[in-house]
Each structure stands twice: as structure tokens, then as C-alpha cells.
There are 2 protein chains.
Amino acid sequence: MKNNYSDTEIKIKDAAKSLFLKKGYSATTTRDIARESDINLAMLNYYFRSKRKLFEIIMFETLYEFLSKMVEVYNDEKTSLEQKLKLCSEKYIDMIIAEPLLPTFVLNELKNNPTSFLKMPTTKMIMTSNFVAQYQEGVKKGIYIKVDPIHFVTNVLSIIVFPFMCSPIIMKIENLSKKDFNIMMTKRKKLIPAWIIQMIKK
Amino acid sequence: MKNNYSDTEIKIKDAAKSLFLKKGYSATTTRDIARESDINLAMLNYYFRSKRKLFEIIMFETLYEFLSKMVEVYNDEKTSLEQKLKLCSEKYIDMIIAEPLLPTFVLNELKNNPTSFLKMPTTKMIMTSNFVAQYQEGVKKGIYIKVDPIHFVTNVLSIIVFPFMCSPIIMKIENLSKKDFNIMMTKRKKLIPAWIIQMIKK
DNA sequence: ACATGAATTAAACAAATGATTAATAAAAAA
DNA sequence: TTTTTTATTAATCATTTGTTTAATTCATGT
């Protein structure tokens, strides 16, 4: 079996992703990427035509991977709402601990270029997911407090993701190392589902 | 009475703040700022010595203003915890509606330069505020569920601020205009305190 | 009115940056 | 092997960008 992607092409993409995540699009230069990936500067344009094109490919792939993992949990037919809450709290936090710069990067670059999100097929799927349906079912049954599902979904995501975006602040005011911070986030994995349930239960 | 700040100095700062918020530090050029503020390019260096210095002044002032407003609510001796929740939900949402790019800007630039936050005197004050004390009192009385105050504070801020950072996504999946989005956020002003109370109440 | 210092301007500079070119090396096809 | 295509390199180009300079205008105090 032969590899479709050349070695250098992957090296460029890996280095570029790492740099874009760390410094953002504008602060990352093509020479940065060339140095980090240890390739000749011209190879970037040879494989990707332009810095912008390279960025867009990385942005798309990153978004796609992220959203796929989300929809996976939200649309599982076998799990209950409470199980889903536990699962997504755990999965997302693990995910972000593994790539802590991702949320800020995505939301920041999205602000400048919302079109790239429009292209994502999985985007709108969240509101029609099994997760939302189960919540609305619970509302009908009188178990859960009624609120527009968008608020419910937003709240869950807020409580999971936002702390990571604040990590420099939290680490500063609590005198935490990066390791300590991750321990704190790991503790949240169990706390969040309980909070959310408590929040919506009648 | 004479003005300490020259007209052009203010014009530069206003334009620079607007551009830095919109595009970030790196994507904003000194010529952008000169054009936007309708001043000669050299005036930027004349008044602020460098783009970086100008940025740091704006960053400091913006952070200071933001944090001052926060501490103001958190440390009010006259209000109860529940009143504080209502007040800060209302005040912060109004604040961010007035300047919606602020949270993403602050958190994003902070990531690259956490030192600027260290300089803020008000930073650590949050954890020693009356707000936190009142929560811990409630825990002692057995009214509230016990949890590390940092989680409590983080949750409140998450639910208030994060939706704004997601505004492009929310607007896309819900087909909202900017006006619609603001209406949604205005509705949250009343919902959030109820959610938080519900979340911590035994 | 005049002199002094501050404010403003156009022009220029040096470094950085995204991209291209032309030559060379490596790999694949013939 | 020879030919042809693909990959890689160093050098270069044209802009852009942050900053400075030197000349000019404006304001203020005398």
C-alpha cells in the first residue's frame, strides 16, 4: 500500500497546525512553518499554493474532527440524557486537555471568517440531535424545567469549554501549574453532569 | 480647564482599540490604525513610541475597566448572593452586548501574553470577594451544595460569557441576526441567576 | 510681531514576509 | 539505461510593515 500524502506534506501540516493554534493565523509566518517542519520554504507553496490555503485546510480538518466527535456522543441512540452528559463531559474535557489551545483558536479564527463554519455539514446537526430530543422529552414528561434547547446546549458547552479558555486567569489567581489545572479540569468531569442535571431538574 | 490628552492621541487610541478588538494584535497594522483614525502614520510613534506600547496601554485600560466593573458587583456589602447573581448577570451581559468582541480579544491575547494580567491589582480580588464569602456562608448553613469556590465562580462566568464567544456558531445554527442574538442574550439575563441558584441549592 | 517648542506631514529606510523562479536532485516510467 | 516527471533547494522579487527622519506648520508665551 502506498501513501497518498508525502512525508513533507504531513510535516508541513503538523507544524502549521501547531503554530496556528499557538499564535493564530496572522502571527504565524511561512518561515516559522518552514523552520518548525524543517522543510524548504518553497515547499509550502509547492504543496499548498498559499499560506491562506494551508490554513483553510487545517481549519477545516480541525473543525471536522472536533464536530464529528461531538455529534458522535450527542446522537448515540443507546444512552440516556444523563449518560450523554457524563460521556460528553468526560470526552470533551479529555479532548481539550489533549489539545488545550483548540477552543480559543477555533472561536477566534471563526470570528474573522465565519464562512468556514458554514461549510461544515455537522454544524446544524446538534440542534436536531438525540441529545436535544431527549431533553425535550424530559420536559414533556415534566421531569425537566422547560427552556429553549439552544440555551440548554449552550450552557452545557459553556461549562465544559470556557474554563479552558480562562486557564491563564484561573492558573494565575489560584497559583496553579499546568498540571494542577488539568487535575482541576479532570475533577470537573464528574461534577459537570451533576450540576447540569441539578440545573434542569424540577 | 485644559485637556491633558490631545485630540489625535485619543483618536489613535480609539481606532486602535476598535481594530485590535476586531482583528487582534498581529492582523492590525499601524497603517490600518492611521487610516481609521485619520492621522498621519508617524503620529502613532510620536505619541506611543511603538505599536506594541500602544497595544499594551489599550490592553491595560480595557482589562482594568472590565475588572473594575466586575469587582464592583462582587464586593457590594449590601446585596445578597442571589441579588449579586442577578446584578452581575444583567451588568455583564449589558457590558458585553455593548462590546461583544471584548471577551474573545482579552482571552486570546492573554494566552500569548499572560504577564499583562499579572499586573492587574484586581485580579486576585475575585476569590476573596464578598460574593465568594457569601457562597461559603451558604454552604456552612447547609443551604448550598459544597464545591471549591473556584468552580462556582468559573461556572457563573462561563454561563454568562461563553455564549458571546460562540455567537457566530449560535447565529449560524439558529439562523439569528445580530439583533436576534442580542435578544436571546437579554433573555438569559433573567434565566442565568435562576439556573445558578438551582445548580447550587440543596 | 517674534521666537520657541510642540504637532504634523511626506518621504524614506530597513527588515520581514508571502510568493516565485530557475537550477538541481531524486524518483518513476520508458 | 535513458527519458520524463516529481520533489527539493537557494536565490530572488515585490509588497508590506514598523519605525525614523527631516522639513514644515501650528500654537503659545513674550
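Chain letters run A, B, ... following the sequence lines, proteins first, then strands; residues in each count from 1.
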Length of the [atom1]-[atom2] vector between [X] and [N], whole Å:
{"X": "A:Asp32", "N": "C:dA15", "atom1": "CG", "atom2": "P", "result": "19 Å"}
{"X": "A:Asp7", "N": "D:dT8", "atom1": "CG", "atom2": "C1'", "result": "13 Å"}
{"X": "B:Ile12", "N": "C:dT9", "atom1": "CD1", "atom2": "P", "result": "10 Å"}
{"X": "A:Ile39", "N": "C:dA26", "atom1": "CD1", "atom2": "P", "result": "18 Å"}
{"X": "B:Phe48", "N": "C:dT8", "atom1": "CZ", "atom2": "P", "result": "12 Å"}
{"X": "A:Leu54", "N": "C:dA19", "atom1": "CG", "atom2": "C1'", "result": "14 Å"}
{"X": "B:Ile33", "N": "D:dT16", "atom1": "CD1", "atom2": "C1'", "result": "15 Å"}
{"X": "A:Arg35", "N": "C:dG18", "atom1": "CZ", "atom2": "P", "result": "11 Å"}

Over 12 foreign heavy atoms within 6.0 Å of NZ, B:Lys86: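 Counting other residues, nucleotides and ligands, NZ of B:Lys86 stays at 12 neighbours or fewer.
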Is A:Arg52 atom CZ crowded by more than 12 heavy atoms from other residues, nucleotides or ligands, each under 6.0 Å away?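 Counting neighbours around CZ of A:Arg52, more than 12 heavy atoms of other residues, nucleotides or ligands fall under 6.0 Å, so yes.
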Nearest 0.5 Å, please: how far is CZ in A:Phe152 from OH in A:Tyr144?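 Nearest 0.5 Å value for the OH-CZ distance: 7.5 Å.
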Can you pull out every salt bridge (Lys or Arg N to Asp or Glu O under 4.0 Å) where at least one residue sits in residues 87-99 of chain A? Sequence neighbours excluded, please.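 Qualifying pairs: A:Lys17-A:Glu99, A:Glu72-A:Lys91, A:Asp94-A:Lys189.
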Going 5' to 3' along nucleotides 17-22 of chain D, which nucleotides have protein heavy atoms under 4.0 Å from the base (write B), which only from the sugar-phosphate (write S), and which from neither (write -)? BBBBB-
So what does A:Tyr47 touch, heavy atoms closer than 4.0 Å: a base, only the sugar-phosphate, or nothing?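 Sugar-phosphate: the residue A:Tyr47, judged by heavy atoms under 4.0 Å, touches backbone atoms but no base.
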B:Phe20 and B:Phe105: ring pair (Phe, Tyr, Trp, His ring centres under 6.0 Å), yes or no, with the steps? CA-CA 8 Å; B:Phe20 283 146; B:Phe105 166 75; 7.2 Å; no
Within the side chain of A:Gln198, is there an N or O that forms a donor-acceptor pair under 3.5 Å with the backbone of B:Gln198?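 Flag set: sc A:Gln198 to bb B:Gln198 pair under 3.5 Å.
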